[in-house]
Amino acid sequence: MATTDDDVLHVHPDRLLPADPTLRPLARELYESVKDLPIISPHGHVPPQWLADDEPFADPTSLLISPDHYINRLLHASGVDLADLGAGGRELTPEQSRRAFHLLCEHWKVYRGTPMKFWFESVLSDVFGIALVPSERTADEIYDRITAAIATPEFRPRALYQRFGIEFLATTDDPADDLRHHAKLAADETWTGTVAPTLRPDKYLEPATPAWNSLVDTLGQVAGVDTGTYAGWVEAMENRRAFFKAHGAVSSDHSHRDARAERLDDAEAQRLYARARAGEITPTEGDTLRRHFVFQQARMASEDGLVMTMHPGVVRNHHTPTLDAHGADVGADIPMAVEFSEALKPVLSAFGTAPNFQLVLFTIDETVYSRELAPLAGFYPSVYVGAPWWFIDEAEGIKRYRRSITGSAGFSRTSGFIDDTRAFLSIPARHDMNRRIDSAFLAELVADHRLTMAEALDSAYDLVVTQPRKAFKL
Amino acid sequence: MATTDDDVLHVHPDRLLPADPTLRPLARELYESVKDLPIISPHGHVPPQWLADDEPFADPTSLLISPDHYINRLLHASGVDLADLGAGGRELTPEQSRRAFHLLCEHWKVYRGTPMKFWFESVLSDVFGIALVPSERTADEIYDRITAAIATPEFRPRALYQRFGIEFLATTDDPADDLRHHAKLAADETWTGTVAPTLRPDKYLEPATPAWNSLVDTLGQVAGVDTGTYAGWVEAMENRRAFFKAHGAVSSDHSHRDARAERLDDAEAQRLYARARAGEITPTEGDTLRRHFVFQQARMASEDGLVMTMHPGVVRNHHTPTLDAHGADVGADIPMAVEFSEALKPVLSAFGTAPNFQLVLFTIDETVYSRELAPLAGFYPSVYVGAPWWFIDEAEGIKRYRRSITGSAGFSRTSGFIDDTRAFLSIPARHDMNRRIDSAFLAELVADHRLTMAEALDSAYDLVVTQPRKAFKL
Amino acid sequence: MATTDDDVLHVHPDRLLPADPTLRPLARELYESVKDLPIISPHGHVPPQWLADDEPFADPTSLLISPDHYINRLLHASGVDLADLGAGGRELTPEQSRRAFHLLCEHWKVYRGTPMKFWFESVLSDVFGIALVPSERTADEIYDRITAAIATPEFRPRALYQRFGIEFLATTDDPADDLRHHAKLAADETWTGTVAPTLRPDKYLEPATPAWNSLVDTLGQVAGVDTGTYAGWVEAMENRRAFFKAHGAVSSDHSHRDARAERLDDAEAQRLYARARAGEITPTEGDTLRRHFVFQQARMASEDGLVMTMHPGVVRNHHTPTLDAHGADVGADIPMAVEFSEALKPVLSAFGTAPNFQLVLFTIDETVYSRELAPLAGFYPSVYVGAPWWFIDEAEGIKRYRRSITGSAGFSRTSGFIDDTRAFLSIPARHDMNRRIDSAFLAELVADHRLTMAEALDSAYDLVVTQPRKAFKL
């Protein structure tokens with residue numbers, strides 16, 4: 001291939017820092033102070049097996065495209081078939097894999113202005129040292145160079161974990177999981193990182209879904225408890241939480257359609273549980289019991305101390321034909337409006353000032369930032385405003401987050417950055433984007449004399465180190 | 001009149017471009033690259049008769065004030081009687097017309113910071129060459145100079161169409177319209193522009209409204225179909241869509257209280273249709289049938305290929321006494337919260353990936369930008385995020401649009417600018433404002449190194465040319 | 001104490017003005033033109049007794065911390081017990097008072113980026129001349145210097161009122177209040193300021209609450225009217241409104257969960273009123289009657305001319321244990337989503353163009369700015385968009401307000417700034433923050449050529465003087 005000047009990828013050291021001549025040097029000083037600090041990643045979706053087994057990655061597409069629904073969805077919107085990208089766990093032949101990579105490169109223009117462009121360019125440039133703009137012309141060369149790189153020891157998962165400066169990495173795991181990969185890492189004396197599991201019990205809390213009874217059977221078997229009764233469900237869940245905690249878990253993660261958590265009296269909980277076990281529960285009763293289950297998770301959290309993270313308000317699998325053809329998590333989830341103030345009143349009245357309880361609230365409905373999340377976190381010692389998440393985890397969204405949150409919650413009530421990604425190689429770029437934008441925001445506060453530079457430098461450090469440690473009890 | 005220095009209107013060439021010394025030259029370069037490109041106006045309310053007949057405009061007030069509810073509403077809020085402005089189609093005497101123009105000029109201050117000021121100043125300066133700030137002192141001179149100008153051939157509608165560089169102009173038309181003005185233009189060999197009709201069937205889709213039965217009778221007569229049955233309604237509507245398409249229509253336009261589109265089975269549709277035809281349908285049933293009708297419009301669109309545009313969520317005729325005195329569309333419509341994610345699930349599951357289907361979504365509830373519209377358009381190949389519309393079609397609103405949309409939808413999923421105006425003379429100013437703000441936004445992405453200047457120049461062109469052509473199949 | 005360089009508080013004269021080198025001098029010129037104009041404070045919570053009796057303030061904590069729920073809530077979120085701050089009117093011993101002040105100073109860092117930092121630093125620096133950054137190290141010195149200052153005549157309430165340049169100050173008062181403090185001030189020939197009462201009848205409009213019957217009994221006694229019947233309630237309320245007006249009131253203030261105001265026919269109002277008086281009204285009926293009561297307040301306002309202010313949409317006393325332990329208004333109120341467009345349709349159809357009626361709408365749900373409030377105020381001559389309030393009365397919130405409102409409502413439909421505070425000493429700082437941000441916003445409009453500097457200077461003056469006078473009929 002003959003590349004041209006247009007093919008050269010320039011990754012500017014000041015990218016995402018404000019252009020204003022007063023702000024740029026301030027932002028740069030702040031960013032320089034935090035850019036090389038270790039990465040704390042308290043919530044994400046990297047498969048623990050990658051680090052446990054430390055096998056080489058298979059090919060560029062299955063590493064960078066197939067599992068990344070951010071990348072896939074915009075290609076789908078541009079007319080590409082998800083099947084051609086290996087979405088939904090579909091295996092691709094070597095030819096198909098190369099073809100998928102071409103599809104991305106040919107459509108590179110659609111990512112302009114999106115974080116996917118920033119992340120992907122950072123991966124190319126900073127992880128692989130490839131200074132090429134993706135295009136039809138450069139696709140093969142990029143593909144070949146990545147293929148060559150991931151065959152080397154320096155690109156094995158553990159080597160990258162070290163090179164990325166990751167200090168703590170949480171995975172997301174089913175309550176019935178045996179956590180063998182986490183155990184293997186813990187038992188490996190050559191491994192010096194920390195990979196912690198996270199309990200994600202959503203499916204076990206939705207009693208009106210078809211799979212629920214079989215899931216709860218499995219939960220009982222794994223926990224060694226009879227889940228035929230409500231008391232058994234509680235005991236099994238407490239048992240699994242303890243098991244996760246023993247394997248290093250610091251949090252449980254929850255995502256339902258709404259944020260409601262409401263206690264039933266025991267008799268009503270037992271009655272609805274029995275109906276659910278009999279397969280007779282209605283969808284409305286299912287919601288009622290689910291909200292009680294979520295309340296119980298909060299009660300358990302106040303006792304065992306696992307941090308509770310919530311990110312409600314998503315219409316999952318919006319496009320039924322896509323669900324049927326490719327399964328879940330391929331980019332067809334769409335946000336919806338969400339409400340926290342009323343929804344969380346019962347659970348916060350019960351546990352909002354409990355010493356052991358911590359609740360990190362994520363949203364993809366930005367309207368709740370200044371209206372609900374910052375006021376809640378600005379009053380309750382247990383509540384933290386989670387980082388911008390998913391559709392709003394991009395440069396402008398992160399700016400809006402700080403601008404909306406800080407007035408009533410300051411910095412000390414925020415969680416620090418969460419990458420929430422299964423795209424392992426993009427983790428440094430995601431944290432880097434956030435550090436740049438937070439530095440830009442702090443620079444503004446210095447430039448208009450709301451903070452001294454000493455205060456801003458201190459807060460920049462806090463946002464990267466102190467806040468995630470505090471919010472996730474690290 | 002003796003004018004003073006204060007009366008001189010300065011229309012700065014860099015208006016709306018960012019003040020920042022780094023950004024301004026970048027924005028100016030981008031703006032220069034697109035400012036003279038032809039105007040594509042795929043949705044608006046200019047009367048086609050103006051261009052078909054090419055008669056001179058009558059007077060400044062009936063041209064610039066009476067039909068413009070943006071102008072009228074803020075004068076009304078300032079205590080002016082709508083009747084004095086010729087709102088609602090009321091004819092004014094020459095004295096009343098001049099008096100109305102005075103009222104605008106006397107209240108000129110209330111438009112500070114609004115787009116009306118930008119548009120009107122652009123019209124004065126760029127269309128008429130009148131460099132006077134409107135005021136009590138200048139009102140007569142401005143009025144007289146406009147009166148003189150519109151009497152000349154250069155200010156006839158067709159001459160202005162050419163001078164404005166309009167390439168495509170869509171009007172908004174009743175399904176029963178005979179489109180004679182469009183036909184006249186098409187048959188006129190001296191006319192080189194394109195004026196396309198747009199099907200606006202709202203009234204025919206609201207079976208619980210008093211006028212519905214008579215409208216559907218008319219529809220049947222015009223279509224030559226018996227609309228006594230549901231099947232007749234469908235056939236008549238398909239017939240009219242084909243008629244519009246044959247006359248150059250590229251889209252149908254839809255505005256109901258909500259965005260829901262939900263299919264009924266045929267028996268239920270027939271049952272409700274029969275009740276509606278008998279005048280017995282309840283408001284709730286009327287909503288149900290209307291949502292089915294909207295679903296049918298989408299089904300027809302997936303077959304005939306007319307682009308579907310939606311702009312739901314308005315409390316029409318908020319002030320009952322104003323409706324009674326002046327009729328609809330005089331500035332008393334007020335936006336309300338709207339929901340797209342759930343509402344569009346059925347119709348997008350059915351047609352979201354259909355090759356012929358395209359859906360452009362407009363909103364005046366900005367909360368849906370990052371939460372619903374950008375995620376929808378970032379997944380579905382059929383969905384485009386429409387331009388900021390109505391109350392948010394102003395400088396700051398357009399900025400918020402790009403900042404909220406781009407992270408998950410990029411540029412390629414957006415519709416390009418829509419002026420949606422009946423104020424013909426303001427069309428260039430409206431497109432110009434948008435080009436300036438888009439240039440400013442792109443300049444920011446260049447300045448903080450998210451885009452190269454070459455990428456930004458390419459995207460600036462796309463936003464003016466490629467995107468409207470793609471979204472509206474031009 | 002040995003203070004260090006780090007302890008020196010620098011309060012920069014340009015704080016909150018934009019850093020951009022083009023904008024800063026423009027903003028400074030605008031700010032300079034308004035910074036020393038008198039303060040109009042048409043809504044707030046300063047106790048009138050302070051000014052009537054003009055006693056010295058007791059101690060720094062009961063002056064600056066205990067009554068300020070902005071300060072308290074973020075300390076509570078940081079783990080401080082509200083009891084230790086004297087919240088809820090709890091008396092503190094001198095030792096406890098000093099300890100509370102230490103708690104604030106030790107946690108000073110949590111206020112970074114919040115308006116509380118700006119306000120408190122302005123109070124320290126501008127009111128007390130204390131150039132010390134609060135910290136564990138400086139707490140005693142600051143406490144002692146404030147203690148000494150407030151013992152002097154210069155720091156008596158009336159002296160501060162004069163020194164602050166306050167021209168008009170409204171308090172918030174119960175309808176049954178005898179307004180003796182206002183009467184005392186009015187009768188005092190040595191007093192040249194204006195302290196007006198504001199009628200806050202919320203509790204008398206909520207017939208389903210436990211205290212309502214007893215409150216309405218009292219209202220009847222104070223008014224000399226039998227409130228056993230609905231007609232009596234109306235007469236008593238009209239009577240008290242007249243009494244307030246006679247004592248200088250210019251407005252009534254209303255805060256319920258929603259913004260609805262809906263007329264019942266007399267028979268239904270009488271029926272529900274009788275049920276309420278019998279203690280038999282249901283919560284749903286209570287809402288219905290309350291909405292009628294609010295409608296009646298609007299009807300009375302259209303007759304007696306008192307301006308009506310509304311700020312709905314708050315979950316009051318979100319944390320039940322805090323309410324039980326400390327009472328209301330200690331920082332545990334949390335905003336919720338609110339709707340104005342539909343809610344106000346009946347009352348605005350009835351009174352929206354009535355010559356005597358004025359309605360100022362406040363929100364803590366920012367989504368309604370561009371969607372509902374600006375469109376309403378941009379049409380109805382009676383409606384003004386109130387200032388950013390409570391959680392959004394901070395620098396970024398004020399910026400968002402202007403950016404969201406101005407496009408459709410301009411400046412002339414806004415209320416001017418409202419401090420709404422019981423923190424008397426922070427009144428100048430709060431108005432100052434707003435004047436700075438408004439100047440910054442106007443500077444942007446000048447810099448990108450939307451306004452001339454002459455227009456901006458004129459509008460800056462209007463925002464401080466003309467608009468509050470117009471909105472509150474001063």
Side-chain angles (χ1 to χ4, degrees), chain B residues 6 10-21 24 69-70 72-74 76-80 107 109-118 133 313-315 318-323 331-338 363-367 390-397 399-400 436 440, chain C residues 18 20-23 26 337 339-342 344-346 348-350 352-353 355 366-384 400 402-413 441-452 454-456 458-459 462:
Chain B
D6 288 351
H10 298 281
V11 177
H12 198 284
D14 286 342
R15 64 199 186 280
L16 292 179
L17 302 186
D20 180 287
R24 171 83 47 111
H69 56 72
Y70 287 81
N72 291 341
R73 67 194 317 279
L74 205 45
H76 179 260
S78 306
V80 173
H107 288 87
K109 174 172 162 171
V110 305
Y111 295 100
R112 286 183 192 161
T114 74
M116 292 76 95
K117 182 172 191 281
F118 179 95
V133 176
V314 185
V315 184
H318 195 269
H319 189 235
T320 307
T322 293
L323 176 68
D333 294 347
I334 304 290
M336 53 188 276
V338 72
T363 186
I364 30 180
D365 175 358
E366 299 185 68
T367 69
W390 203 350
F391 293 99
I392 50 178
D393 63 349
E394 46 90 33
E396 300 299 323
K399 284 184 206 173
R400 288 193 294 271
R436 289 172 184 273
Chain C
D20 180 286
T22 311
L23 294 176
L26 298 171
E339 200 281 334
F340 287 98
S341 295
E342 285 283 358
L344 296 177
K345 192 172 187 297
L348 289 174
S349 277
T353 56
E366 300 184 68
T367 69
V368 302
Y369 279 159
S370 71
R371 190 179 64 215
E372 304 179 28
L373 296 194
L376 286 167
F379 175 76
Y380 285 103
S382 55
V383 177
Y384 290 83
R400 287 192 296 270
R402 287 286 170 214
R403 288 194 211 291
S404 301
I405 288 294
T406 310
S408 40
F411 298 107
S412 71
R413 310 303 311 144
F441 179 69
L442 286 163
E444 289 178 30
L445 303 194
V446 173
D448 69 9
H449 315 291
R450 279 184 272 184
L451 296 183
T452 64
E455 289 172 325
D458 185 58
S459 287
D462 284 347

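The figures that follow rest on heavy atoms only: side chains count, while hydrogens, waters and symmetry mates do not. Below, read A as the first sequence line, B as the second, and so on, with proteins coming before strands; counting in each chain starts at 1.
No part of A443(C) comes within reach of chain B, as not one of its non-hydrogen atoms sits under 4.5 angstrom from that chain. Neither the backbone nor the side chain of Y111(B) comes within less than 4.5 Å of any heavy atom in chain C. Contacts between T322(B) and chain C at a heavy-atom distance below 4.5 Å involve the side chain alone, from C-beta outward. Both the backbone and the side chain of V110(B) come within less than 4.5 Å of a heavy atom in chain C. Contacts of S408(C) with chain B are made by both backbone and side-chain atoms, with heavy-atom separations under 4.5 Å. Using a 4.5 Å cut-off between heavy atoms, T367(B) touches chain C through its side chain atoms alone. In this structure, the portions of T406(C) lying under 4.5 Å from any heavy atom of chain B include both its backbone and its side chain. Residue L348(C) touches chain B through both its backbone and its side chain, counting heavy-atom pairs closer than 4.5 Å. Looking at L74(B), the atoms closer than 4.5 Å to chain C (heavy atoms on both sides) sit in the backbone and in the side chain alike. Both the backbone and the side chain of L376(C) come within contact range of chain B, with heavy atoms under 4.5 Å apart. Only the side chain of R413(C) comes within contact range of chain B, with heavy atoms under 4.5 Å apart. Looking at P321(B), only its side chain comes within 4.5 Å of chain C, counting heavy atoms on both sides.
Ranked by heavy-atom pairs shorter than 4.5 Å toward chain B, the options V383(C), T452(C), V446(C), D462(C) are led by D462(C). Ranked by non-hydrogen atom pairs under 4.5 Å with chain B, the options F340(C), F411(C), F379(C) are led by F379(C). Listed options G410(C), G378(C), S382(C) were ranked by heavy-atom pairs under 4.5 angstrom with chain B; first place goes to G378(C). Between chain C and the residues R73(B), R24(B), H10(B), E396(B), the most heavy-atom pairs under 4.5 angstrom are made by R73(B). In terms of non-hydrogen atom pairs under 4.5 Å with chain B, the most contact-rich of S404(C), A337(C), A377(C), P381(C) is P381(C). The greatest number of non-hydrogen atom pairs below 4.5 Å with chain C, out of R400(B), R15(B), H76(B), E394(B), is found for H76(B). Annotation: maximal heavy-atom pairing with chain B below 4.5 Å, among P375(C), A456(C), A409(C), A447(C), occurs at P375(C). Of the residues considered (S341(C), S412(C), S349(C)), S349(C) shows the highest number of contacts with chain B, using heavy-atom pairs under 4.5 Å.
Contact detail for P21(B) and D20(C): the closest heavy-atom pair is CD-OD2, 3.9 Å. In plain terms, the two heavy atoms of D458(C) and K109(B) that are nearest each other are OD2-NZ, 3.0 Å. When all heavy atoms of M336(B) and V314(B) are compared, the closest pair comes out as CG-N, 3.8 Å. Closest of all the heavy-atom pairs between I364(B) and I392(B) is CA-CD1, 3.9 Å. Across all their heavy atoms, R450(C) and E455(C) have their closest contact at O-OE1, 4.3 Å.
Under the 4.0 Å criterion applied to side-chain N and carboxylate O atoms, R402(C) and E444(C) are not assigned as salt-bridge partners.
Looking only at distances, no side-chain donor or acceptor of R436(B) sits under 3.5 Å from a matching main-chain atom of L16(B).
T363(B) and D365(B) share no donor-acceptor pair across their side chains, judged by distance under 3.5 Å alone.
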Which is it for E366(B) and R371(C) under the side chain to side chain contact (heavy atoms under 4.5 Å, CB included) test, yes or no, and what are the steps along the way?
-> CA-CA 7 Å; E366(B) 299 185 68; R371(C) 190 179 64 215; over 6 Å; no
Passes side chain to side chain contact (heavy atoms under 4.5 Å, CB included), K117(B) versus L451(C)? Steps please.
-> CA-CA 9 Å; K117(B) 182 172 191 281; L451(C) 296 183; 4.0 Å; yes
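A distance of 5.5 Å separates CH2 in W390(B) from NE2 in H69(B), rounded to the nearest 0.5 Å. Here the CG atom belonging to D448(C) is positioned 11.0 Å from the OG1 atom belonging to T22(C), to the nearest 0.5 angstrom.
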